Amino acid sequence: YTGRNFLQLLEGPQSELLRLMVAIGLDPRHSGMLTLVNEPIDARSCPQWSMHALRLRDDPDQRRASLMAELPSGLSLQARQIVESFALLN
């Protein structure tokens with residue numbers, strides 16, 4: 001969350017994700033929703049996370065270091081790049 005934008009990683013069975021995306025899309029608090037990555041996974045990349053928030057530091061180098069330390073190693077390269085870009089650009 002940057003004060004204006006959210007980036008959220010959702011994982012789970014496709015049917016549950018589709019229901020959740022419909023519910024989020026119908027919520028008037030949300031607008032401009034985009035799906036950036038939609039890929040099958042064998043196991044959750046972030047099984048311990050439940051609405052986990054990553055703190056974005058003001059200094060870009062510190063931001064990158066803290067982000068890389070917190071992102072799970074099992075996250076796909078494409079998803080990792082999107083999270084990193086969002087964090088560094090916002």
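Sequence positions, counted from 1, serve as the residue numbers for this chain. These numbers come from a predicted model, not from an experiment.
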Using modelled atom types only, decide if a donor and an acceptor are shared between the side chain of Glu11 and the backbone of Ser45 within a distance under 3.5 Å. yes

Main-chain N/O of Gly74 paired to Arg80 side chain as donor or acceptor, under 3.5 Å: no

Taking everything shown except Asn38 itself, do over 12 heavy atoms lie less than 6.0 Å from its CG? no

Those residues at least two apart in sequence (or on a different chain) that pass side-chain hydrogen bond (donor to acceptor under 3.5 Å, both in side chains) with Glu84 are Arg64

Distance (rounded to the nearest 0.5 Å) between Leu17 CG and Met21 CE: 8.0 Å

Spatial distance of atom CG (Leu10) from atom CZ (Arg44) [nearest 0.5 Å]: 9.5 Å

Flag side-chain contact, heavy atom, 4.5 Å: Val37 against Leu9: no

In short, side-chain hydrogen bond (donor to acceptor under 3.5 Å, both in side chains) pairs touching residues 14-26 with sequence neighbours left out are none

Might you point out which heavy atoms bring Gln78 and Glu39 nearest each other, and give the distance in Å? OE1-OE1, 3.9 Å

Please tell me whether Phe86 and Leu36 are part of a single hydrophobic cluster in this structure, the criterion being side-chain heavy atoms less than 4.5 Å apart. yes

